[in-house]
Participant: 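Just passing along the structure, written as structure tokens.
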2 protein chains.
Amino acid sequence: MAGLTINEAAVTTGWSPRMLRYVESAGLIEPQRSAAGYRLYGPEELQRLRTLRELLEGHGIGLGDVGFALRLRRDTDLRDAVEAWFEAEVTRPADIPDSAWLRWEQEKHQRLLAALSD
Amino acid sequence: MAGLTINEAAVTTGWSPRMLRYVESAGLIEPQRSAAGYRLYGPEELQRLRTLRELLEGHGIGLGDVGFALRLRRDTDLRDAVEAWFEAEVTRPADIPDSAWLRWEQEKHQRLLAALSD
DNA sequence: GCAACCTTGACACGATCGTGATAAGGTTTG
DNA sequence: CAAACCTTATCACGATCGTGTCAAGGTTGC
């Protein structure tokens, strides 16, 4: 067979077989499969499993975090949306000064309160 | 006061006051404070709270995810480490072919098993 | 052909997340 | 000065995460 089976991979990487399946379900490491469906871990997968462990422990992050980072780099829409949110400036007519804008918000608030107390 | 208080901000953004504090604890929106320590939400914070809601709902992600994205863009070490992991190629002496490498791994496995069964 | 592997699926359990509620105390305002 | 706000801290509770374990069944190898 052209690769280690899941138990062998577990021994050489330090992950449990259960976790190897879990890591796979997170889309992080997806080994080849034999004709019968057995997972076959090649050198690259084994190496990445080892460094994944270091990555998580070294920075106190979780599998879900790396999974999200993966989504970020695959889903352009998502990446752009997140990026846009971080960089968002106030997009509001420049001719309304903060003070007026706040006053309007506060009045809206009071209208809401008034409506509630009916 | 130069901004809305937490309950006013809650009404105009749709978040609960509890969640506004939670969002702050995630480092996502940190409003100014009055002298007495009251949170004061300005136009920018209010706008970002509204778009944050859209971001989460529009992409099925969570506050923790955005929090992690924030860590990614602030912590260069982390970003580089994650990036490096995604791009990692096998870093193993090129003169050892896969077949030999795998054989070595499998033998190590057998040595381990032998050691265990002592 | 049988022992030792592999598969998926499910149940379980502690830890953390997302969220509300409540308490004890300080601040603002009419 | 009292009502209505604000603060932090805590308890609670369902949902999800990380992980183990077990069951039912297919595959491999001596």
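The sequence lines fix the lettering, A, B, ..., with proteins before strands; numbering per chain opens at 1. What's counted below: heavy atoms across the whole structure, side chains too, no hydrogens, waters or symmetry copies.
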Participant: Would you please test Ile6(A) and Arg21(A) for side chain to side chain contact (heavy atoms under 4.5 Å, CB included) and show each step?
Facilitator: CA-CA 9 Å; Ile6(A) 196 170; Arg21(A) 298 197 182 94; 3.6 Å; yes
Participant: What string of B, S and - do you get for nucleotides 14-26 of chain C, 5' to 3', if B is base contact, S is sugar-phosphate-only contact and - is no contact with any protein heavy atom under 4.0 Å?
Facilitator: ---SBBBB----B
Participant: Can you tell me the distance, in whole Å, between the CD atom of Glu30(B) and the P atom of dT7(D)?
Facilitator: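 In whole Å, dT7(D) P and Glu30(B) CD are 14 Å from each other.
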Participant: Return no unless some side-chain N or O of Arg39(B) is found under 4.0 Å from OP1 or OP2 of dT27(C).
Facilitator: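 Negative; the distance criterion is not met.
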Participant: Identify all side-chain donor-acceptor contacts of residues 58-74 of chain A below 3.5 Å with residues at least two apart in sequence or on another chain.
Facilitator:
{"unit_1": "Asp65(A)", "atom_1": "OD2", "unit_2": "Gly62(A)", "atom_2": "N", "d": "3.0"}
{"unit_1": "Arg71(A)", "atom_1": "NH2", "unit_2": "His59(B)", "atom_2": "O", "d": "2.9"}
{"unit_1": "Arg73(A)", "atom_1": "NH2", "unit_2": "Glu83(B)", "atom_2": "OE2", "d": "2.5"}
{"unit_1": "Arg73(A)", "atom_1": "NH2", "unit_2": "Glu87(B)", "atom_2": "OE2", "d": "3.3"}

Participant: Could you state the atom-to-atom distance from CD of Glu24(B) to C1' of dT8(D) in whole Å?
Facilitator: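 Result: 12 Å.
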Participant: Can you check whether Thr5(B)'s main-chain N or O pairs, donor with acceptor, with Glu8(B)'s side chain at less than 3.5 Å?
Facilitator: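 Such a contact is found between Glu8(B) side chain and Thr5(B) backbone.
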Participant: Using OP1 and OP2 only, check whether a side-chain N or O of Arg33(A) sits under 4.0 Å from dT8(C).
Facilitator: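 Affirmative; the distance criterion is met.
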Participant: Tell me whether Glu54(A) is salt-bridged to Arg50(A), with the criterion being a basic N under 4.0 Å from an acidic carboxylate O.
Facilitator: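 No.
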Participant: Rounded to whole angstroms, how far apart are CG on Leu40(B) and P on dC5(D)?
Facilitator: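 My rounded result for the distance is 16 Å.
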Participant: Which nucleotide in the list dC5(D), dT28(D), dT7(D) gets nearest to the side chain of Ala36(A)?
Facilitator: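 Of dC5(D), dT28(D), dT7(D), dT28(D) is nearest to the side chain of Ala36(A).
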Participant: Specify the separation, in whole Å, of atom CD of Glu8(B) and atom C1' of dC5(D).
Facilitator: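 After rounding, the gap between these two atoms is 10 Å.
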Participant: Between atom CD1 in Ile6(A) and atom P in dT19(D), what is the gap in whole Å?
Facilitator: 14 Å
Participant: Under 4.0 Å between a Lys/Arg side-chain N and an Asp/Glu carboxylate O for Arg39(B) and Glu30(B)?
Facilitator: no
Participant: Say you draw a straight line from CG of Leu20(B) to CD of Glu45(B); how long is it, rounded to the nearest 0.5 Å?
Facilitator: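 Answer for the CG-CD pair, Leu20(B) versus Glu45(B), is 11.0 Å.
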